[in-house]
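Chain identifiers are assigned alphabetically (A, B, ...) following the order of the sequence lines, protein sequences preceding nucleic acid strands; residue numbering begins at 1 within each chain. Values in this document were obtained by computation on a predicted structure and should not be read as measured data. Any value given below was found using the heavy atoms of this structure, including those in side chains, with hydrogens, waters and symmetry copies removed.
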There are 2 protein chains.
Amino acid sequence: MTITITAFANSLDQGQGLARDMIVRWALEEVGQPYETRLIPWADFKKPEHRQRQPFGQIPTYEEGDLVLFESGAIVLHIAAKSEALAPSDEAGRARVTAWVIAALNSVEPFAQMVIQLKESRAEALLNSRLSALSAWLDGDEYLEGRFTAGDLMMTTVLRELVNSGTLAKFPVLDAYRQRCEARPAFGRALEAQLKVFRDNVPA
Amino acid sequence: MTITITAFANSLDQGQGLARDMIVRWALEEVGQPYETRLIPWADFKKPEHRQRQPFGQIPTYEEGDLVLFESGAIVLHIAAKSEALAPSDEAGRARVTAWVIAALNSVEPFAQMVIQLKESRAEALLNSRLSALSAWLDGDEYLEGRFTAGDLMMTTVLRELVNSGTLAKFPVLDAYRQRCEARPAFGRALEAQLKVFRDNVPA
């Protein structure tokens, strides 16, 4: 089956290989999987056609038959699941690899980007652009993929970080989505379990 | 099989449920899986015993028999893989859920945290603490999990972002690890494929 990725047509970094299609190209090379590349001109990243593939208007995307994937981390995990070259085939070994992929993306990169971006003072504009894109994706739908999944669980968790600052209230579609997910009985049971611990451990 | 998670014993957020064991509790509640909780006192998070479970000295962790997992995103994906409650059972549907879990953690949360943390001006200290922890985990080993996996691929990708600023040079173990991974033939082929596009598309 033909695999097609999307990539930038021109270099933003003077050829240092930092554009994120590198992640997917590298993974496909490790497993020996040929692929085709669809180059997206600058003018087209934010257009609806590309946002159907990538809700945030970014690269890379990955197409394999009817499957359209985004997020380089998810694409790498999808490729890794098919080959011993990038992950062991046992369930526990695969889970450890997933832990490290997500550690890179969530425990290390955000801090790297914070320092890099701080110098540009663009932090709030970047956040608002991500939230606007997410709101546009969700508008009219109850969940990200038609039904409640782990994706909604994780996204709600991140959005909850933005309640206290008042940021989320500026995005009513996202705030309603957060409240819809928080209304789930499972969320309530989880919160009660966490709060019970804290009540039981109040310093005397 | 008994599942044990680690969590804070005391609330940092006046009981708002923002501590990240909430993510795992919520996922376990959605699939109806009972669990036990091991509470970690403040004094013990940075000790070697907990860093064996969680290299960055954070919560939550997840134990199921011999499997010890960290990163709430990886734990959620592991739980989701076992139940239709959190993800479809077909491969394509699961990959889409993975995309959204990682979108939350890597396309949205970093920008949220940037804005939140900017106000505290702690960005560089936070980054250095993550890099020190990663260096300590890796010291003496070639790869994160004994052999090259998708975890190394993703972690190298993130570390490459820190070369130009000179930050990575301050962590020789990590810089050597990055260079070891970049020396892989697959990395070279991927970089050449990306650079060829840019050479072919140089504006006239």
Side-chain angles (χ1 to χ4, degrees), chain A residues 9-11 15 17 22-23 25-26 29-30 56 67 69-71 73-74 76 78 80 86-87 92 95 97-115 118 123-124 126-127 130 144 149-151 154-155 157-158 161-162 186-187 189-191 193-195 198 201, chain B residues 9-11 15 17 22-23 25-26 29-30 56 67 69-71 73-74 76 78 80 86-87 92 95 97-115 118 123-124 126-127 130 144 149-151 154-155 157-158 161-162 186-187 189-191 193-195 198 201:
Chain A
N10 300 96
S11 179
M22 255 305 285
I23 302 171
R25 291 177 191 273
W26 186 2
E29 290 289 350
E30 292 285 353
F56 301 101
L67 174 64
L69 264 188
F70 64 103
E71 287 294 335
V76 163
H78 178 72
L86 282 175
V97 170
T98 302
W100 281 110
V101 168
I102 293 183
L105 294 171
N106 195 245
S107 286
V108 179
E109 185 172 47
F111 301 95
Q113 286 298 320
M114 207 182 283
V115 171
L118 261 174
E124 290 205 45
L126 285 168
L127 175 61
R130 292 300 167 105
L144 295 167
T149 72
M154 186 63 72
M155 193 64 81
T157 299
V158 172
E161 298 173 17
L162 295 167
F187 178 89
R189 290 192 296 269
L191 183 61
Q194 188 186 72
L195 297 188
F198 295 153
N201 285 283
Chain B
N10 300 97
S11 179
M22 254 305 284
I23 302 170
R25 293 177 190 273
W26 186 2
E29 291 288 351
E30 291 284 354
F56 301 100
L67 174 64
L69 264 188
F70 64 103
E71 288 293 337
V76 163
H78 178 73
L86 282 175
V97 170
T98 302
W100 280 109
V101 168
I102 293 184
L105 294 171
N106 194 247
S107 286
V108 179
E109 185 172 47
F111 301 95
Q113 286 298 319
M114 208 182 283
V115 171
L118 263 173
E124 290 207 43
L126 285 168
L127 175 61
R130 290 299 167 105
L144 294 168
T149 70
M154 186 61 73
M155 193 64 81
T157 299
V158 172
E161 299 173 15
L162 295 167
F187 178 88
R189 290 192 296 271
L191 184 60
Q194 189 186 69
L195 297 188
F198 295 152
N201 285 284

| Given a strict heavy-atom distance threshold of 4.5 Å, which part of A:Glu71 is in contact with chain B: side chain, backbone, both, or neither? | side chain
| field | B:Phe70, part contacting chain A, at a heavy-atom distance under 4.5 Å | value | both
| field | Per-residue contact mode, A:Phe187 against chain B (heavy atom under 4.5 angstrom) | value | both
| said: Could you check whether any side-chain heavy atom of A:Val76 comes within less than 4.5 Å of a side-chain heavy atom of B:Thr157, counting everything from C-beta outward? | reply: no
| Part of A:Ala80 within contact of chain B (heavy atom distance under 4.5 Å) | side chain
| request: Answer yes or no: is there a side-chain heavy-atom contact under 4.5 Å between B:Thr98 and A:Thr98? | output: no
| By a 4.5 Å heavy-atom criterion (distance strictly below it), what part of A:Leu105 contacts chain B: side chain, backbone, both, or neither? | both
| Just how far is it from atom CD of B:Glu109 to atom CG of A:Leu162, taken to the nearest 0.5 Å? | 9.0 Å
| Heavy-atom pair of closest approach, residues B:Glu29 and A:Ala186 | CB-O, 3.5 Å
| request: Locate the shortest heavy-atom distance separating B:Ala150 from A:Val97; write the atom from each residue and the value. | output: CB-CG1, 3.7 Å
| message | Restricting to non-hydrogen atoms, name the atom on A:Leu69 and the atom on B:Ala95 that form the minimum distance, rounded to 0.1 Å. | response | CD2-O, 3.2 Å
| Between A:Gly73, A:Ala190, A:Ala193, the one whose heavy-atom pairs under 4.5 Å with chain B are most numerous | A:Ala190
| request: Heavy-atom pairs under 4.5 Å with chain A are the metric here; pick the option from B:Ala74, B:Ser107, B:Ala92 that has the most. | output: B:Ser107
| query | Looking at A:Gly151, A:Ala99, A:Ala87, which one has more heavy-atom pairs under 4.5 Å with chain B than the rest? | reply | A:Ala99
| query | Side chain, backbone, both or neither: which part of B:Ile23 has an atom under 4.5 Å from a heavy atom of chain A? | reply | both
| said: Has A:Arg130 got a side-chain atom pairing as donor or acceptor with A:Phe56's backbone, closer than 3.5 angstrom? | reply: no
